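Encoded as structure tokens, the structure appears first; notes follow it.
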Amino acid sequence: MAHPTPQNWAAADELLADLLVGHDPALEATLAAQHAAGLPAIEVAPVSGKLLNLLARLGGARRVLEIGTLGGYSTIWLARAVGEAGRVVTIEAEAQNAAVARANIDAAGVGERVDIRIGRGAEVLPTLVPGFDLIFIDADKESNTLYLDWAAKLGHPGALIVLDNIGRDGEILHADSTDSKVQGTLAGLRMLGEDPRFDATALQTVGLKGWDGVALALLA
């Protein structure tokens with residue numbers, strides 16, 4: 001009997017990726033380039049990237065906003081989902097990360113669908129045109145409420161918001177935590193539950209990223 005350990009969570013995630021995602025040279029090259037550039041390995045897991053892709057396709061998303069580009073791994077999943085006529089706007093605070101992402105996205109053959117905006121979310125978000133069908137938030141957790149507020153302004157009724165990394169290894173159980181990421185996560189979850197603009201739920205996950213989770217919300 002397999003025991004519920006982080007090692008087995010990761011192994012099961014890898015099995016699911018092998019069975020349901022499969023070999024993808026472009027995405028594997030993206031991760032290799034990201035590693036070679038010294039970027040942190042904090043991109044979504046393959047099964048989560050596929051989930052984003054399916055969610056975007058399920059909702060027929062043609063305009064997607066991503067907050068937090070990193071090396072472009074999740075961006076590629078989303079750009080594939082929107083099709084040739086769709087567009088992804090992705091925001092990245094670090095110019096070095098954006099350069100790595102630009103090369104990866106272009107190499108994956110979806111460069112024409114992706115607009116990378118370099119800068120802090122608080123600076124870039126007010127410059128965007130509303131009407132996004134899906135907003136994926138995967139950036140600094142301390143700014144979750146800021147990002148959610150802008151997601152509500154930039155989306156439309158029925159638009160889907162995906163807020164990543166809500167599990168925090170279970171630290172969300174500690175309301176008195178001194179970890180700013182935990183406090184930012186809790187603030188975002190409270191906002192999703194209390195703000196009438198959102199109709200939300202959340203799922204805990206275990207896998208390559210440890211004990212984590214994702215929140216999903218539809219805009220009213």
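Quick caveat: nothing in here was measured; it's all calculated off a predicted structure.
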Before giving the answer on salt bridge (charged side-chain N to carboxylate O under 4.0 Å, His left out), spell out for Lys181 and Asp179 the whole-Å C-alpha distance, their side-chain angles and the decisive distance to 0.1 Å.
CA-CA 5 Å; Lys181 294 182 176 62; Asp179 186 329; 5.2 Å; no
Can you list the other members of the hydrophobic cluster that holds Trp9, where links are side-chain heavy atoms under 4.5 angstrom apart?
Val206, Trp211
Would you call [X] and [Y] a side-chain contact if the rule is heavy atoms closer than 4.5 Å?
| X | Y | result |
| --- | --- | --- |
| Leu27 | Trp77 | yes |
| Val129 | Arg63 | yes |
| Ile166 | Leu189 | yes |
| Ile105 | Ile116 | yes |
| Leu125 | Leu154 | yes |

Which atom names give the shortest non-hydrogen contact between [X] and [Y], and what distance separates them?
| X | Y | result |
| --- | --- | --- |
| Ile161 | Phe198 | CD1-CE2, 3.5 Å |
| Ile137 | Ala151 | CD1-CB, 4.4 Å |
| Thr145 | Gly188 | CG2-N, 3.9 Å |
| Ala61 | Leu134 | CB-CB, 4.3 Å |
| Ala122 | Leu146 | CB-CD2, 3.7 Å |
| Leu216 | Leu160 | CB-CD1, 4.4 Å |

Those residues at least two apart in sequence (or on a different chain) that pass side-chain contact (heavy atoms from CB on, under 4.5 Å) with Ala108 are Ala26, Ile76, Val110
Kindly determine whether Glu171 and Ser177 satisfy side-chain hydrogen bond (donor to acceptor under 3.5 Å, both in side chains), including the steps that lead there.
CA-CA 7 Å; Glu171 288 300 309; Ser177 172; 4.7 Å; no
Working note: Ile135 + Leu148, criterion side-chain contact (heavy atoms from CB on, under 4.5 Å); need CA distance, chi angles, decisive distance, verdict.
CA-CA 9 Å; Ile135 298 104; Leu148 286 169; over 6 Å; no
Can you list the residues that meet the salt bridge (Lys or Arg N to Asp or Glu O under 4.0 Å) rule with [X], with sequence neighbours excluded?
| X | result |
| --- | --- |
| Arg117 | Asp115 |
| Arg80 | Asp24 |
| Asp169 | none |

For a side-chain contact (heavy atoms from CB on, under 4.5 Å) check, start with the C-alpha distance between Leu78 and Asn53, then their side-chain angles and the critical distance, and finish with the verdict.
CA-CA 5 Å; Leu78 291 166; Asn53 178 275; over 6 Å; no
Count the heavy atoms belonging to other residues, nucleotides or ligands that lie under 6.0 Å from CD of Gln204, then report whether that count exceeds 12.
no
Which is it for Tyr73 and Asn104 under the side-chain hydrogen bond (donor to acceptor under 3.5 Å, both in side chains) test, yes or no, and what are the steps along the way?
CA-CA 8 Å; Tyr73 182 79; Asn104 286 335; over 6 Å; no
By the salt bridge (charged side-chain N to carboxylate O under 4.0 Å, His left out) test, which pairs, at least two apart or in different chains, include something from residues 33-49?
Glu43-Lys209
